[in-house]
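Numbers restart at 1 for each chain; the letters A, B, ... are given by sequence-line order, proteins then strands.
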Amino acid sequence: MKLQDTLELYVKAAVKALFQSELESVEFQATRKEFAGDITVVVFPMLRVVKGNPAVIGEQIGQYLEDNVDLVKGYNVVKGFLNVEIEGSYYVDFFNTIKDQNTYGFIEDKDDKAVMVEYSSPNTNKPLHLGHVRNVLLGYSVAEILKASGKNVYKTQIINDRGIHICKSMLAWQRFGNGETPKSTELKGDKLVGNYYVEFDKAYKKEITELVSQGQSEEEAKKNTPILLEAQEMLRQWEAGDKDVVALWEKMNGWVYDGFEETYKAIGVDFDKYYYESQTYLLGKEFIAEGLKTGVFEQDPDGSVWCDLTKDGLDRKIVLRADGTAVYMTQDIGTAIQRIKDYPDVGGMVYTVGNEQDYHFKVLFLILQKLGFDWAKNLYHLSYGMVDLPSGKMKSREGTVVDADDLIQEMADTAEDISKELGKLDDYSEDEKKVLYKTIGLGALKYYILKVDPKKRILFDPKESIDFQGNTGPFIQYTYARIQSILRKSNLNDDVLLSTATALSINFDEVSLHEKEKQLIKQLEQFPEVIQNAAEQHSPALVANYTYDLVKDFNSFYQNVSILGADSEHEKVFRVALSKSVGQTIKNAFSVLGIDVPERM
RNA sequence: GGUGGCAUAGCUCAGCUGGAUAGAGCACCUGCCUUCUAAGCAGGCGGUCCUAGGUUCGAAUCCUAGUGCCAUCACCA
C-alpha cells in the first residue's frame, strides 16, 4: 500500500479516537523543503468536522500518529500544517521493492480494449516541417505513454494523398521537370515534389499578373489562369481513373512516401498502419445514406446533406456536397468506422491534430455519437498549439518553414560542436561519435518540444539555438551517462547490488539514510503515478518535467555525497544501487518521450 | 459579431483534484575541477501570477465581467 493510503487510515483513526468524528478524506501534500518532515497533512479541511484551533488539532493528531504508528518517527505543526517525519527504513524498504525492476513505472498487464493513436497525417505535396515535428513527437510519445500505462496501442496516420494540391505538383513536374527523379537529382522524393509545388505557385502567380495586365480583376484572374484550370482538369481525370494521370500520381506519391519514411526514421517514430484518403474517402458516404434514413442527417432541396447540430450549441454542418461528392467530414466519418472494422479490439481513438481544427473534431465526435457507435464516446482530440516563428506563422509558399530534415541535422551539428569543445570522447570511433551526436541533437530537439504543455503554442526562434544546459534533453542524457560511468567503475554486479542493498535495510541502524538519498527515493516513488497522470492527460510534458526534477535531485546527490568513496561497503553498494535505479527510471521516462540515452557523452 | 484556447521573473517554461514566504532553466553576479564526467553543483539578483469583482478559513488555480493575442465559424482540408 502506498504511504499516503496507509497514513490516511491512521489519520482517520486518530480523528475518530480523539474527536469522535468521521473524516471522508485526508488531504496530503509533500512537505516543503524549509520544514522538517516528509509528508504533510493539511488540517484546515478537517475543521468542517472537527471544531477547534487547527494548530492544536494538528498537534493532537501528530502525537497520536507518533504514539501509534511505527512508520512515524516524529512530527511538527506549523499553522494548520502537520508535517510528519517518516522512518528512513520505510524508504529503504520501498527502494528494495523497486530496485530490480527494469520496467519500473510501467504496467505490463494490458487492458482488453486497445487505443488507436493517429498522428502526422501529412499532405503529399511538400516535405515535413517543424509543425509536423511537433505533431509527430507528441503523437508518438502519447502512444508510448498509453502503452506504459497499460493499454494496447496502434499507431496510425491518414495520408492526405488526393486532391488539387498533389495535382499542382504533378502538373508542374510534367511541364518543367524534364523527367527529373529523386535518383537523378539526388534529392529526397518529398523535397523534389515540394519543389514542383513551389514551381506551380510561381507559374500561377505569373499567369495572374499577365491576366491582370490584360484587364481582368485579380479575383477573376485567380480563378482563370490556364495552369490552375489545367490542374483542376487533372483532378477530374484522376477521379475518372485516367491511366496516365493515375500512373503519374502513383509515381510521385511514391517518391514522397520514401522521403517521409526517411524523415520518420531519422526522428525515430513508427506506425502500425497507414490509411490513405484516396482509399477511404468514399467509405463515409455509405454511413451518410444510413444516417439519412435514421434521421441523423437531413437533405436540402439542392441535394446536399447536412447534420443539424444547433441543439447541441453548434451549427449545421455539411456532410455531402450537392453534387454528391465527399467533404473532409465525410471521409473522417468513414475512416473512423473503417478503423474499428479493421481493429475490433479498439475501444477509443486519439487524434493528434493542431488546435485550428478543434471545431472540426467536436463536430466529428458528435456526429459519430449520433450515428450510434459506442466507441464514439472514447474519442479524444489531442489538440496542440501552433509552432510559430518570431516572424509569425510558417508559410511554405513564402519559404519561411523550418524544414524537419534540416532541423534534425542542425541539432546534431550543434551537439558535435559542443562535444568537440568538451573533448571527452577522443577514444570514440567516428561512427560512434556520429551516433552520439544524433542522439544528443535529437534529445535536445525532442525534449524542447515535449516539455511544454501540448495546448500551448511554441515560439521557435531558429537564430537562438536550442539550449543544451539546464532544463534540456542533453542535461538529462548527461546525468544518465554519468550514472553509467559510476556503474562501470563500481565493478559491482547485479547480485551484489541486490543483496547488499537488502542487507542495508536489515542493518539500518548502522547507516542512516542521507537527506539526498531519501529525497531521491521519494522522487522515484512518484514515477508510476506520473505515467498514469500523463496518460490520462495525454501530456508528455508531465513526464519531461518529472524527469528533470529527478535528475536535478540526482545531480545534487552526486555532487554532495561520495558514491564510490562511501564510508562503508554497505553505503557504497546502496548508493550505487540507488544510482542504477535512477538511471533506469531516466531511461524509462525518456523511452516514452522517444528519446535515447547514451552510455557516455 | 458567435464560439474555443492562451495570458506567471528581461526571455523560455513548471505550478497535480484550491493550501504554508509563487518555483525551475536561460541571461546577469559570487564561489566550487589534485577525489565518481563542470553539458555539473552551491548561492545571489529578479514577480501588480493581464485587470476588476465574486465564492471561502484560504485563490496563480474555481466563477463572472473586461482587456490583449491566437484559432475557428466554407458545398477547403
Side-chain angles (χ1 to χ4, degrees), chain A residues 27 29-32 34-35 40 42-45 47-48 54 78-81 83 121 123 160 163-165 277 300 302-306 313-315 317-329 331-332 354-360 362 383 385-386 388 393 415 418-419 421-422 424-425 440 444 448 451-453 455-459 461 464 466-479 481-490 526 529-530 533 537 541-542 544-546 548-549 551-552 555-566 572 575-576 579 600-601:
Chain A
E27 192 172 319
Q29 59 182 291
T31 304
R32 295 181 66 110
E34 58 266 39
F35 302 109
T40 294
V42 187
V43 180
F44 299 107
L47 298 179
R48 265 178 262 278
V78 181
K79 297 185 207 167
F81 297 92
N83 302 318
S121 307
N123 288 353
N160 183 10
I164 191 75
H165 61 271
E277 203 179 300
D300 274 9
D302 67 357
S304 56
V305 179
W306 299 74
L314 305 173
D315 300 318
K317 189 77 191 173
I318 190 158
V319 290
L320 213 55
R321 292 192 187 100
D323 63 3
T325 55
V327 293
Y328 185 36
M329 190 61 73
Q331 139 212 325
D332 271 7
N355 63 11
E356 60 206 350
Q357 294 192 38
D358 285 355
Y359 185 73
H360 172 77
K362 209 183 243 180
S383 164
M386 297 290 102
D388 291 328
K393 281 192 87 159
I418 294 174
S419 291
E421 219 172 284
L422 296 172
K424 295 179 186 174
L425 301 160
I440 298 171
Y448 177 84
K451 78 172 178 187
V452 334
D453 184 336
K455 67 174 180 281
K456 293 194 175 170
R457 79 173 196 137
I458 290 182
L459 188 76
D461 190 344
E464 283 180 36
I466 291 173
D467 269 324
F468 283 64
Q469 286 172 4
N471 188 359
T472 67
F475 167 57
I476 293 166
Q477 290 173 321
Y478 174 71
T479 305
R482 264 181 163 176
I483 291 170
Q484 301 319 301
S485 172
I486 288 194
L487 296 182
R488 284 191 297 270
K489 287 190 177 161
S490 74
Q526 302 293 322
E529 206 178 320
V530 169
N533 274 340
Q537 298 183 38
L542 296 178
N545 287 308
Y546 164 80
Y548 176 61
D549 288 337
V551 159
K552 253 196 320 187
N555 276 315
S556 182
F557 162 70
Y558 177 91
Q559 301 266 359
N560 287 289
V561 178
S562 184
I563 298 167
L564 297 179
K572 175 178 148 187
R575 287 174 184 170
V576 172
S579 302
R600 289 176 53 185
M601 69 185 271

(request) Please step through side chain to side chain contact (heavy atoms under 4.5 Å, CB included) for the pair A:Leu422 and A:Met601, ending with a clear verdict. (result) CA-CA 10 Å; A:Leu422 296 172; A:Met601 69 185 271; over 6 Å; no

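OP1 or OP2 of B:rA14 lies within a sub-4.0 Å distance of a side-chain N or O belonging to A:Lys456.
Proximity of a side-chain donor or acceptor of A:Lys451 to a complementary backbone N or O of A:Asn471 within less than 3.5 Å is detected. A donor-acceptor pair is defined here as one N or O able to donate and one able to accept, closer than 3.5 Å; no such pair exists between the side chain of A:Ser485 and the backbone of A:Ala481.
With B:rA39, B:rA38, B:rA77 as the choices, the nucleotide that has an atom nearest any side-chain atom of A:Gln469 turns out to be B:rA39. Side chain of A:Leu459, nearest nucleotide from B:rU8, B:rU12, B:rU37: B:rU12. With B:rA42, B:rA39, B:rA24 as the candidates, the nucleotide lying closest to the side chain of A:Ser556 is B:rA42. You'll find that the side chain of A:Tyr548 is closest to B:rG25, out of B:rA71, B:rG25, B:rA38. Distances from the side chain of A:Arg321 to the nucleotides B:rG25, B:rA77, B:rC73 place B:rA77 closest. Ranking B:rU37, B:rA39, B:rG15 by closeness to the A:Leu542 side chain, first place goes to B:rG15. Out of B:rC6, B:rA39, B:rU37, the shortest distance to the side chain of A:Arg482 is found at B:rU37. Relative to the side chain of A:Ala481, the nucleotides B:rU37, B:rA77, B:rA24 differ in distance, and B:rU37 lies closest. Comparing B:rU72, B:rU37, B:rC41 by their closest approach to the side chain of A:Glu356 singles out B:rU72.
No side-chain N or O of A:Thr472 forms a donor-acceptor pair with one of A:Asp467 less than 3.5 Å apart.
What separates NE2 of A:His360 from P of B:rU72 is a distance of 13 Å, to the nearest Å. Between the CZ atom of A:Arg457 and the C1' atom of B:rG4 there is a distance of 17 Å, rounded to whole Å. Rounded to a whole Å, the NZ atom of A:Lys317 is 12 Å from the P atom of B:rU72. One interatomic measurement links the two molecules: CG of A:Asn560 to C1' of B:rG43, which rounds to 12 Å at whole-angstrom precision. Protein atom NE2 of A:His165 is 9 Å distant from nucleotide atom C1' of B:rA77, rounded to whole Å. Protein atom NZ of A:Lys455 is 13 Å distant from nucleotide atom C1' of B:rC13, rounded to whole Å. Rounded to whole angstrom, the span from the CG atom of A:Asp388 across to the C1' atom of B:rC6 amounts to 12 Å. In this structure, the CZ atom of A:Phe475 is 6 Å from the P atom of B:rG40, given to the nearest Å.
Looking only at side-chain heavy atoms (C-beta outward), A:Phe557 and A:Arg575 come within less than 4.5 Å of each other. A:Arg600 is not listed as a side-chain neighbour of A:Lys424, based on a closest heavy-atom distance of 4.5 Å or more.
Nucleotides B:rC26 and B:rA39 have their P atoms positioned 13 Å apart, rounded to a whole Å. Rounded to the nearest Å, the gap between the P atom of B:rC45 and that of B:rU61 is 27 Å.
Between the side chain of A:Thr479 and the base of B:rA39, no donor-acceptor pair of N or O atoms lies under 3.5 Å.
At the heavy-atom level, A:Ser419 lies under 4.0 Å from base atoms of the strands shown. A:Met601 comes within contact range of at least one nucleobase, with a heavy-atom separation under 4.0 Å. Within the 4.0 angstrom heavy-atom criterion, only backbone atoms of the sugar-phosphate kind lie near A:Tyr359; the bases stay farther away. Here A:Asn533 lies out of heavy-atom contact (under 4.0 Å) with every strand.
Of the residues near RNA chain B, A:Leu47 and A:Tyr328, the one whose nearest nucleotide (by heavy atom distance) lies more toward the 5' end is A:Leu47. Heavy-atom nearest nucleotides on RNA chain B were determined for A:Asn545 and for A:Leu314, and the one closer to the 5' end corresponds to A:Leu314.
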(request) Using a 3.5 Å limit on both pairing distances, list the dot-bracket string of RNA chain B from the 5' end; Watson-Crick and G-U wobble pairs count, crossing pairs take [ ], interstrand pairs take |. (result) (((((((..((((.....[...)))).(((((.......))))).....(((((..]....))))))))))))....

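More than 12 heavy atoms of other residues, nucleotides or ligands sit less than 6.0 Å from atom CD of A:Glu34.
Taking 90° from 0 as the syn/anti boundary, the base of B:rC63 is oriented anti.
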Within the sub-3.5 Å range, which N or O atoms of nucleotides 17-22 of chain B have a protein N or O partner, and how far apart are they?
unit_1, atom_1, unit_2, atom_2, d
B:rG19, O2', A:Gln29, NE2, 3.3
B:rG19, N7, A:Glu27, OE2, 3.0
B:rA20, OP2, A:Arg32, NH1, 3.3
B:rA20, N6, A:Thr40, OG1, 3.0
B:rA20, N6, A:Asn83, OD1, 3.1
B:rA20, N1, A:Asn83, OD1, 3.3
B:rU21, OP1, A:Lys79, NZ, 3.0

